[in-house]
Engineer: 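I have a structure I would like to understand better, so I am pasting it below and will then ask my questions one at a time.
We count ligands from 1, going down the list as the structure has it; atoms in each ligand are counted the same way.
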Amino acid sequence: MQLVLPPDHTQSSFDAALRAFAGVVGTEWVLATDQDRDTYLDHYGFDQAAHVAAAAVAPSSTEEVRAVVRLANEHRIPLWPISRGKNFGYGSAAPVVSGSVVLDLSRMKKIWLDVDNGTVLVEPGVGFYDLFDYVEKNDIPYWISPIGNSWGSVAGNALDRGVGYTPYGDHSDRVCGLEVVLPDGDLVRTGMGAMSDSESWTLHPYGFGPHWDQMFMQSNFGIVTKLGLWLMPKPETIISLDMELDQKEDLGWAINTLAPMRRSGLIQQSPSIGNWLRAAAVLTKRTDWYTGPGAIPEEVISAIRQRFGLGWWSINLRLYGPEEITSATANVVQSTFASRTQYPMKRGLWREGMPREQQPFAGIPITFPLANAGWHGGRGAHVGFSPALPQNGDKALAQFQRTFARYNEFGMDYHGSFALGERHITNVNQVLYNKDDKQMVAQVDRFFRALVDDAKALRYGEYRAHITYMDLIAESYDFNAGALWRLNDKLKVALDPNGILAPGKSGIWGNSPRRGGAA
Ligand code: ADP
């Protein structure tokens, strides 16, 4: 990708900044060729040219990060921090504002473990596979909470409020203590970390005074250089309960059946109800089934479902703990479902010592869900549309029907799931597309905006956004004419008067003019 200079820079002022960065990290870690820039594109983006990094700088330590930040202030270079940059569907490694310099933290890969308390402190470059290997190699009695794309980093995922499959799957909620480089280069530790050498940094989240951890998530207020995280004690057993639901309308009662058990804490993991395409898209390609125009018709859907033994929806639920407890809980869950449906529930048992299911439910990192991007063939991709809804079956069903109608209207194949948090539902929809199909790509933006408009009309907001849509989503959080964004901007201006850190991230611009990614 050809160079796009940082805003208000000339080639020579930009070169001077790169030389200054090289003085800190070494010339080999200033990455500024066309090929380097390609590396940091949003490979799942439908308009990659709208979000192009001018270069990347890859420090190896917190002190180097601080030095780079100070230089970025001096040279007025916007930095876009990434941990491993695998945030596919939300922007990958690419910045909101073209010409930003990616601050690539993937070389920082240290892990510190508190084995007695089951916590780790990780640097940003630690990926899910790294942490898994570390835990396995050291035979530690804890499991990690992996994600569907375990290629990504533990820290980056938690900072973008990513979710996993185990009872520890609400990752940002399991964060305990951060080390953060502020936009002026100052270094802060949150919670108990604010007391030098405290043993409780990764144990007690709050410390004394305000609790700042969430302030550094989905924000541009600081660069996280260490992140404390709780690990799940290795369970003695897992019971799996899987059910296939035949009809679209089954979604409503299924949610109403699960929700009280989730609220009461009987079910501790976040069960997810996903449609047939979630499984089919990782196993086959669309052309194996259908080559006609428009969304896949119902009779073809039936054939796909039959081949793989799938319902229109599938529920995957897991219970963790001592067998007396998981087995009694499974009985309650099964009898609750039995009072509402004839559909069979498949029950499986894993006991310590047995081979583990090669699934993130069992703490095993995976990447195979990425295969769904190949559904349409060509250079596949997807973008995520993920509103948060109340935990109510009728409302979830109505949301599905509206969204499904939109998919049909735009000739797209519905790919959606409803994951039950403790009090809410996250409705993750993936818009799968082929970047080589110009007609399809032209549809994606209009389609996405229609989905956002529909959700907004019902006052449902997205929990996470692609870099192109950050302003659009931020604007939908509109109480008192966007008071939350006025607060965010005030903080941004106070912390980052030169606007050097990730301008535009989550719709927070502070002093920076809005460029790129604007709604
Ligand atoms: P992953 O490594 O899991 O793929 P990314 O590096 O793509 O995650 O980051 C996900 C999001 O979180 C991006 O928007 C990125 O800007 C932000 N982010 C990642 N790492 C940091 C960090 N160390 N400090 C602040 N923000 C970060």
Engineer: State the atoms of ligand 1, each with its element, that fall below the 4.0 Å cut-off from a heavy-atom position in Gly152.
Structural biologist: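 Those atoms are 3 (O), 4 (O).
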Engineer: Between ligand 1 and Ala155, can you find any atom pair, the residue atom being a heavy atom, that is separated by under 4.0 Å?
Structural biologist: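 It does not; every heavy atom stays at 4.0 Å or beyond.
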Engineer: Look at atom 21 (C) of ligand 1 and say which protein heavy atom is nearest, naming residue and atom and giving the distance to 0.1 Å.
Structural biologist: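 Heavy-atom neighbour on the protein nearest atom 21 (C) of ligand 1: Leu159 CD1, 3.5 Å.
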Engineer: Between Arg449 and Asp445, is there a side-chain N and carboxylate O pair less than 4.0 Å apart?
Structural biologist: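 Asp445 and Arg449: salt-bridged.
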Engineer: For Gln48, does its backbone N or O pair with a side-chain atom of Asp42 as donor and acceptor, under 3.5 Å?
Structural biologist: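 No, Asp42 side chain to Gln48 backbone: no donor-acceptor pair under 3.5 Å.
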Engineer: Name the closest protein heavy atom to atom 10 (C) of ligand 1, giving the residue it belongs to and the distance to 0.1 Å.
Structural biologist: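 For atom 10 (C) of ligand 1, the nearest protein heavy atom is Asn87 ND2, 3.5 Å.
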Engineer: Any idea which atoms of ligand 1 are less than 4.0 Å away from a heavy-atom of Arg84?
Structural biologist: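 Those atoms are 2 (O), 6 (O).
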Engineer: Output yes when a side-chain donor or acceptor of Arg174 lies under 3.5 Å from a complementary backbone atom of Tyr168, and no otherwise.
Structural biologist: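 No; zero donor-acceptor contacts below 3.5 Å.
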Engineer: Could you tell me whether a side-chain N or O of Glu64 sits under 3.5 Å from a main-chain N or O of Ser60, the two making a donor and an acceptor?
Structural biologist: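 Yes: the side chain of Glu64 pairs with the backbone of Ser60.
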Engineer: Tell me, which protein residue and heavy-atom name are nearest atom 18 (N) of ligand 1, and how many Å apart are they?
Structural biologist: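 Residue, atom and distance for the closest contact: Pro81 O, 3.8 Å.
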Engineer: Going by the atom numbers of ligand 1, which of them fall below 4.0 Å from some non-hydrogen atom of Ile223?
Structural biologist: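 Taking each heavy atom of Ile223 in turn, ligand 1 has 24 (N) under 4.0 Å.
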Engineer: Which atoms of ligand 1 sit under 4.0 Å from any heavy atom of Gly222?
Structural biologist: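 That gives atoms 25 (C) of ligand 1.
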Engineer: Which protein non-hydrogen atom lies closest to atom 3 (O) of ligand 1, naming both residue and atom, and how far is it?
Structural biologist: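 Going atom by atom, the protein heavy atom closest to atom 3 (O) of ligand 1 ends up being Ser153 N, 2.9 Å.
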Engineer: With no hydrogens and no angle check, just 3.5 Å: does a side-chain donor-acceptor pair link Thr166 and Ser145?
Structural biologist: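 Checked: Thr166/Ser145 side chains pair up, N/O donor to acceptor below 3.5 Å.
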Engineer: Hey, is Ser106 one of the residues with a heavy atom under 4.0 angstrom from ligand 1?
Structural biologist: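 Ser106 does not count as a contact of ligand 1 under the 4.0 Å cut-off.
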Engineer: Before giving the answer on side-chain contact (heavy atoms from CB on, under 4.5 Å), spell out for Phe88 and Trp151 the whole-Å C-alpha distance, their side-chain angles and the decisive distance to 0.1 Å.
Structural biologist: CA-CA 10 Å; Phe88 298 154; Trp151 201 14; 3.7 Å; yes
Engineer: What do we get for Trp80 next to ligand 1 when only non-hydrogen atoms under 4.0 Å count, side chain, backbone, both or neither?
Structural biologist: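 For Trp80, only side-chain atoms sit under 4.0 Å from ligand 1.
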Engineer: Of the protein's non-hydrogen atoms, which lies at the shortest distance from atom 9 (O) of ligand 1, and what is that distance?
Structural biologist: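 Here the closest protein heavy atom is Gly156 CA, 4.1 Å.
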Engineer: Counting each atom of ligand 1 from 1 as listed, which ones have a heavy atom of Leu105 under 4.0 Å away?
Structural biologist: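 Once the distances to Leu105 are compared, the set is 23 (N).
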Engineer: How far is atom 13 (C) of ligand 1 from its nearest protein heavy atom, and which residue and atom is that?
Structural biologist: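 For this ligand atom, the closest protein heavy atom is Lys505 NZ, 4.0 Å.
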Engineer: Starting from atom 24 (N) of ligand 1, which protein heavy atom do you reach first, and at what distance in Å?
Structural biologist: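 Heavy-atom neighbour on the protein nearest atom 24 (N) of ligand 1: Val224 N, 2.9 Å.
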Engineer: So if I count the atoms of ligand 1 from 1 in the order they appear, which ones are less than 4.0 Å from some heavy atom of Ser92?
Structural biologist: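 Near Ser92, meaning under 4.0 Å from one of its heavy atoms, ligand 1 has 7 (O).
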Engineer: Determine, for Arg464 against Asp160, whether the closest basic-nitrogen to carboxylate-oxygen distance falls under 4.0 angstrom.
Structural biologist: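 Counted as a salt bridge, because a side-chain N and a carboxylate O are separated by less than 4.0 Å.
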Engineer: Distance to 0.1 Å, residue and atom name: give those for the protein heavy atom nearest to atom 5 (P) of ligand 1.
Structural biologist: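 Heavy-atom neighbour on the protein nearest atom 5 (P) of ligand 1: Gly85 N, 3.5 Å.
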Engineer: Looking only at the side chains, is there a donor atom on one of Ser106 and Asp104 sitting less than 3.5 Å from an acceptor on the other?
Structural biologist: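 Note: Ser106 and Asp104 side chains meet the donor-acceptor criterion.
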Engineer: Show me which atoms of ligand 1 lie under 4.0 Å from any heavy atom of Asn157.
Structural biologist: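 With Asn157 as reference, the close atoms of ligand 1 come out as 3 (O).
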Engineer: Closer than 4.0 Å to some heavy atom of Ser83 - which atoms of ligand 1 meet that?
Structural biologist: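 Counting from 1, the qualifying ligand atoms are 2 (O), 6 (O), 19 (C), 20 (N), 21 (C), 23 (N).
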Engineer: Based purely on interatomic distance, does Asp160 place a nitrogen or oxygen under 3.5 Å from a nitrogen or oxygen of ligand 1?
Structural biologist: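 No; the residue has no nitrogen or oxygen that sits under 3.5 Å from a nitrogen or oxygen of the ligand.
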Engineer: Please determine whether salt bridge (Lys or Arg N to Asp or Glu O under 4.0 Å) holds for the pair Glu357 and Arg318, giving the CA-CA distance in whole Å, both sets of side-chain angles, and the decisive distance to 0.1 Å.
Structural biologist: CA-CA 12 Å; Glu357 191 186 16; Arg318 297 290 182 275; 3.3 Å; yes
Engineer: List the residues meeting side chain to side chain donor-acceptor pair (under 3.5 Å) with Asn275, not counting sequence neighbours, and say none if there are none.
Structural biologist: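 With neighbours one apart ignored, the set is empty.
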Engineer: Does the Thr202 side chain pair with the main chain of Val120, one donor and one acceptor, at a distance under 3.5 Å?
Structural biologist: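 Here the side-chain-to-backbone pair does not exist.
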Engineer: Main chain of Ala502, side chain of Asn220: is a donor-acceptor contact present, judged purely on distance under 3.5 Å?
Structural biologist: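 Present.
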